[in-house]
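The figures that follow rest on heavy atoms only: side chains count, while hydrogens, waters and symmetry mates do not. This is a predicted model, so every value here is computed, not measured.
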Amino acid sequence: QVQLVESGGGLVRPGGSLTISCSGSGITLGDYAIGWFRQAPGKERKSISCISSNGDSTHVDDSVKGRFSVSRDKGLVYLQMTGLKREDTAVYYCAADYSPSSCSGYVPEAQEYGYWGQGTQVTVSA
């Protein structure tokens with residue numbers, strides 16, 4: 001059974017930093033492109049970043065560019081968040097897409113991801 005698990009969410013003050021990670025079981029995460037999404041209360045889920053399966057290609061949405069970055073290492077995928085703002089408060093999800101070209105030249109839509117984690121809450125508040 002494939003399972004993705006997000007870890008590292010929590011409460012952080014405005015301007016602070018937080019790194020969340022995505023791990024997988026029943027799946028070789030290195031074979032998949034990984035996308036990061038977030039959903040704030042009352043809003044639709046939004047794609048914010050992705051990284052190709054080999055890690056050579058990344059994408060960060062303009063809304064968080066310069067503050068967020070994505071990386072992968074040893075079977076984990078990380079979303080590093082700096083300069084956090086109250087509007088970054090959301091549940092953050094990782095998702096896996098097996099397509100070799102995923103996040104290499106194009107950014108997959110949510111429906112292209114085959115596996116999803118349960119999400120981790122990130123709250124930015126003083």
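Note: the hydrophobic cluster containing F68 also contains V12 (ILVMFWY, side chain heavy atoms under 4.5 Å, direct or indirect links). Using a 4.5 Å cut-off between side-chain heavy atoms of Ile, Leu, Val, Met, Phe, Trp and Tyr, with links allowed through other members, V124 and L79 fall into the same hydrophobic cluster.
In terms of modelled atom types and a separation under 3.5 Å, the side chain of R45 and the main chain of Q39 share no donor-acceptor contact. Between the side chain of T120 and the backbone N or O of G9, at least one donor-acceptor pair lies under 3.5 Å. Remark: side-chain polar atoms of R72 are paired, donor with acceptor, to backbone N or O of L29 under 3.5 angstrom. Side-chain N or O atoms of R67 include one that pairs as donor or acceptor with a backbone N or O of G83 at under 3.5 Å. A donor-acceptor pair is defined here as one N or O able to donate and one able to accept, closer than 3.5 Å; such a pair exists between the side chain of S52 and the backbone of S57. Under the 3.5 Å distance criterion, the side-chain polar atoms of T123 are left unmatched by any main-chain donor or acceptor of L11.
Ionic pairing of K65 and D62 is present here: one or more N-O contacts between side-chain nitrogen and carboxylate oxygen are shorter than 4.0 angstrom.
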(message) side-chain contact (heavy atoms from CB on, under 4.5 Å), that's the test. Do Y98 and D31 meet it? Break it down for me.
(response) CA-CA 7 Å; Y98 192 67; D31 292 340; 3.9 Å; yes
(request) Run the numbers on V77 and V70 for side-chain contact (heavy atoms from CB on, under 4.5 Å), then give the verdict. (result) CA-CA 7 Å; V77 177; V70 59; 4.0 Å; yes
(message) Would L4 and S23 count as a side-chain contact (heavy atoms from CB on, under 4.5 Å) here? Give the steps.
(response) CA-CA 6 Å; L4 298 183; S23 63; over 6 Å; no
(request) Mind running side-chain contact (heavy atoms from CB on, under 4.5 Å) on T82 and Q80 for me, showing each step along the way? (result) CA-CA 7 Å; T82 64; Q80 294 98 356; 5.6 Å; no
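For the pair D61 and K46, the minimum side-chain heavy-atom distance is below 4.5 Å. Between I20 and V122 there is a side-chain heavy-atom pair separated by less than 4.5 Å.
Atoms CD1 and OG, from I34 and S21 in turn, are 11.5 Å apart once rounded to the nearest 0.5 Å. Taking OG from S102 and CD1 from I51, the interatomic distance works out to 11.0 Å, rounded to the nearest 0.5 Å. Rounding to the nearest 0.5 angstrom, the gap separating the SG atom in C94 from the CD atom in E6 is 4.0 Å. Between L18 atom CG and M81 atom CE the span is 4.5 Å, to the nearest 0.5 Å. Between the OH atom of Y78 and the OG atom of S69 there is a distance of 12.5 Å, given to the nearest 0.5 Å. One distance of note links CG of L76 with SG of C22; it measures 8.0 Å at 0.5 Å rounding.
Judged by distance alone, the side chains of S99 and S101 do bring a donor and an acceptor atom under 3.5 Å apart. A side-chain donor-acceptor contact under 3.5 Å links E112 and Y106.
Taking every heavy atom of both residues into account, S63 and R38 meet most closely at OG-NH2, 4.4 Å. Between C50 and V107 the shortest heavy-atom distance is SG-CG1, 4.3 Å. Here the shortest heavy-atom pairing between A96 and I27 reads CB-CD1, 4.1 Å. The heavy-atom pair separating V64 from V60 by the smallest distance is CG2-CG1, 3.5 Å.
Within a 6.0 Å radius of CD in Q111, other residues, nucleotides and ligands contribute more than 12 heavy atoms. Counting heavy atoms of neighbouring residues, nucleotides and ligands inside a 6.0 Å radius, atom CD of Q118 does not exceed 12 of them. E44 CD: 12 or fewer foreign heavy atoms inside a 6.0 Å radius.
Between Y115 and Y32, the angle of the ring planes goes over 60°, which puts this pair in the perpendicular group of the 30/60° scheme. The aromatic rings of F37 and Y113 stand perpendicular to each other, their planes meeting at an angle above 60°, with 30° marking the opposite boundary.
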